[in-house]
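Data first, discussion second: the structure below is written as structure tokens.
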Amino acid sequence: MNASETSADPAQRAAELRTRIEDANYRYHVLDDAAIPDVEYDRLMRELEALEASYPELLRSDSPTRRVGARPAEGFAEVRHAQRMLSLANAFSDAEVGDFVQRIVERTGNAQPQFSVEPKFDGLAISLRYEHGAFVQGATRGDGETGEDVTANLRTIRAIPLRLRGADWPAVLEVRGEVYMPRAAFEAYNAKARAEGGKVLANPRNGAAGSLRQLDPAITAARPLAFYAYAPGDVAESELPSTHSAFMTRLRDWGFPVSHLVETAHGLDGCLDYFRRIGAQRDALPFDIDGVVYKLDDLGLQRELGFVGRTPRWAIAHKFPAQEQTTRVLAIDINIGRTGAATPIARLEPVQVAGVVVTNATLHNADQIRRLDVRVGDSVIVRRAGDVIPEVVRVMPELRPSESSKWQMPTHCPICRSELVQEEGQVVWRCSGELICPAQQKESIIHFASRRAMDIEGLGSRLIEDLCDLGFVASVADLYKLSLDDFIEMKRRADERDGTTPETVKAGKVASKWAENLIEAIDHSKQATLERFLFALGIEHVGESTAKVLANWFGTLERIRHMPWPLLKLLPDIGGEVGRSIDHFFAQAGNQRVLDALLEHGVSLKDEHDVSAKLAARLGIENFLVQLEIPKLTELRAKQFAAVGQSPEQLAELPSHPLISAGLPADTVAAWLDWHADAANATLYQRSAAAWNALRELAASVSASAATLPLEGKTVVLTGTLSSMSRDQVGAKLEALGAKVSGSVSKKTDFVVAGEAAGSKLDKAQALGVEVWDEARLLEYLKGQGA
DNA sequence: ATGCCTCGAGTTCA
DNA sequence: CTCGAGGCAT
């Protein structure tokens, strides 16, 4: 230590050191100035620490040495934001930005509105609260209303001032901004972690988010995080200047880092020009961005324009197109799905695309490959569609190796060697092995056990694969035969096969606990709802929605499994194709045996019910099913055939046919009679008798229709993440009120419930002018309905 | 026949 | 999330 620097008074010296350290932070983070060298900075810190250690009375909570504090006892406390944290609407094209600007021009009457424009940082949004110039609390966005208190972690970020500079700040100041990890720091951190065998971070954004959620601030302190401020939070209106850009200047004066890329722009042209300039620099920037943000500069006008749902009308994020990368196709494999669909998959040389390493990309189908002319060995451009699923955009033919040949769909299933066939007029190729193909068996069992079907916890794809490969199960019914010992034996053999250390033998207790849990989960799944069970069966074309239709309209498994397709076809959303597929499934003796076995092993449906009056009306039961018994129908068929010859087409022409006058579509009647004419359907015809009789009996006791529900006839779409309930739970509640919950937005949608991080569906709703409810509105409504 | 609107199925990665 | 295709109104 240099004697000339050493002040005689320790208190004075401590203050001096703090000022120098804070200045160094300010100059480095806010002014982008070459600050003092690291060694010098470290020396100052050590000196201050030593001083504070010898004179504890000098300690202050806002000292730079106190950035790393104690860890919170458990988890993070919740923080209610004094002012809601916004999320922005997204624009992906110039036209969408044009619409946005146009709306503002119309509402404000200003032809060239001024915008404050800035890069959109790819990090984590946070809110910082200062009282009397001191940093008191910081929180994540959370759902916008309530976030997590990460004050201790934020204190460790040197770019965040612990005390404001100057003196003209408001008594209470909340500032919004983005915590991010600079690319260089991210690389350096990972290089070090790799060298030391530590955990590497996936990408700068995950790095920032993960670091802030560390319970131990010491860990956060070791992560190279930075911060940019970009908006006011809870600040008295009287304390704000008249424009956003003026506020940004003030933030910088108070000691907050504000990006130097922030500018003002005029009108649409100014915004788009800024977008292109930033786009051109994007790769050269020291941090990741995913677009730019335009904010109407006049704060008074901002207040006037207000919000639509949870997004402001006065700001929008203009996103860059999904990031693209080039890589090489190592191989094109075929994957066999649950229904036998053969999907080609490109195995790629690992490449970073928009932050994650991509090694596989779907090629969808043979047509797609032909269109793109993808060949093994090709260099291709890969992008993440909607920033999630990787896809091959195009081939770079100039980089194609000299001897390459067009890719051809294999003729046989890679798993069971059965022939691959393409149905007339369809794009997909399918493995013809059906029930004997191990790939299809596995996939259908995986589907059966999956969360949205029978929800057997712990029974995932890995485990099912082993169970199948080692011969413990071949059908879903076998799952219910498995014993504790089976699981342990299976695990032992799997370990043996893989040559892995049989940890489970060492720890026999662990293995048996694991197996017990599985048995328990399988047992638990025996109590299923009819709709989930039907969905779990994996009938082609029968997804969750169609399963629900079947369950609601027919009410019992017994009826459904014996229902002939002309009757299935009468239900909404079930046409010829789907009806035939259901019929085909139940017509196969193997499937009926599996069903019987499942029931025998104790699978039972807890919500079987009698069909509603609606069903009776739909089927016209009173009109004709009651009157027409099966022998009568046969007799009728014979008569009609005799009357009009053998052609069902001609039969369909007859408007006077009793079935037609009973309200059935003519082609249904024709199909029904035609179906009966086929001797191969005789067995099914016999079985269907049970269903007919049940329906007929029911028709006799049809009562008045149920009271109408508040949301009857309304179509609702859910999107984004809701904080208080899962989307499924919300869906169930809305359905209980009579609403139909659909997956896609259209003009017919009555309203969209948008949670946090809502994506394209919200955009579409806004584009179509569909009503949008935020979570608060939804909860209020549900409360009002007593749900 | 045509053009929505939906649903089903397949897929990626941490 | 996206694509293909079934259902249904026009």
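Proteins come first, then strands; the chains are lettered A, B, ... in the order of their sequence lines, and each starts at number 1.
Contact annotation: Asn335(A) does not reach the phosphate of dG10(B) (side-chain N/O to OP1 or OP2, under 4.0 Å). Between Thr339(A) and dG8(B) there is no side-chain polar atom (N or O) within less than 4.0 angstrom of OP1 or OP2. In terms of phosphate contacts, Lys740(A) brings a side-chain nitrogen or oxygen within less than 4.0 Å of OP1 or OP2 of dC7(B). Taking side-chain N and O atoms only, Asn360(A) has no distance below 4.0 Å to OP1 or OP2 of dT11(B). Neither OP1 nor OP2 of dA9(B) sits under 4.0 Å from any side-chain N or O of Thr343(A).
Atom CD1 in Ile446(A) sits roughly 14 Å away from atom C1' in dA9(B) (whole-Å rounding). When the P atom of dT11(B) is taken as reference, atom CZ of Arg338(A) falls 11 Å away, rounded to whole Å. Atom pair Leu550(A):CG and dC7(B):P shows a separation of 14 Å (rounding to whole Å applied). Between Arg347(A) atom CZ and dT12(B) atom P the separation is 7 Å, expressed in whole Å. Atom CG of Leu363(A) is separated from atom C1' of dG4(C) by 16 Å (rounded to the nearest Å). Rounded to a whole Å, the CD1 atom of Ile345(A) is 9 Å from the C1' atom of dG10(B). The distance from atom CZ of Arg580(A) to atom P of dG6(C) is 11 Å, rounded to the nearest whole Å. The nearest whole Å value for the distance from the CG atom in Leu372(A) to the C1' atom in dC3(C) is 14 Å.
Between Thr339(A) and the options Arg430(A), Glu540(A), His541(A), a side-chain hydrogen bond (donor to acceptor under 3.5 Å, both in side chains) holds for only Arg430(A).
Listed candidates were dG10(B), dT6(B), dC5(B). Nearest to the side chain of Ser744(A) is dT6(B). Of the listed nucleotides (dC8(C), dC5(B), dT11(B)), dC8(C) has the atom at the smallest distance from the side chain of Asp573(A). Checking dG8(B), dT11(B), dC13(B) against the side-chain heavy atoms of Ser545(A) singles out dG8(B) as nearest. Of the candidate nucleotides dG8(B), dT12(B), dT11(B), dT12(B) has the atom lying nearest to any side-chain atom of Pro390(A). Closest contact between the side chain of Lys748(A) and the listed nucleotides dT6(B), dT11(B), dT12(B) involves dT6(B). The Ser742(A) side chain lies nearest to dT6(B) when the options are dG7(C), dC13(B), dT6(B). Of the candidates dC5(B), dT11(B), dA9(B), dC5(B) carries the atom nearest the Ser746(A) side chain, counting heavy atoms from C-beta on. Closest to the side chain of Glu577(A), out of dT11(B), dG6(C), dT12(B), is dG6(C). Here the side chain of Thr546(A) is nearest to one of dG6(C), dT12(B), dG8(B), namely dG8(B).
Each of Ala547(A) and Ala346(A) was assigned the nucleotide of DNA chain B with the nearest heavy atom; the assignment lying further toward the 5' end belongs to Ala547(A). Heavy-atom nearest nucleotides on DNA chain B were determined for Gly340(A) and for Val358(A), and the one closer to the 5' end corresponds to Gly340(A).
Contacts of Val428(A) with the nucleic acid, taken as non-hydrogen atoms under 4.0 Å apart, are absent.
Pairing each heavy atom of Leu420(A) with each of His412(A), the nearest pair is CG-C, 3.7 Å. Contact between Phe586(A) and Leu595(A) at its shortest, heavy atoms only, is CE2-CD1, 3.5 Å.
Checked against salt bridge (Lys or Arg N to Asp or Glu O under 4.0 Å), Glu178(A) has no partners two or more places apart in sequence or in another chain. Partners of Asp607(A) according to the salt bridge (Lys or Arg N to Asp or Glu O under 4.0 Å) rule, which considers only residues two or more places apart in sequence or in another chain, do not exist here.
Checked by atom type and distance alone, the side chain of Ser444(A) pairs as donor or acceptor with a backbone atom of Gln440(A) at under 3.5 Å.
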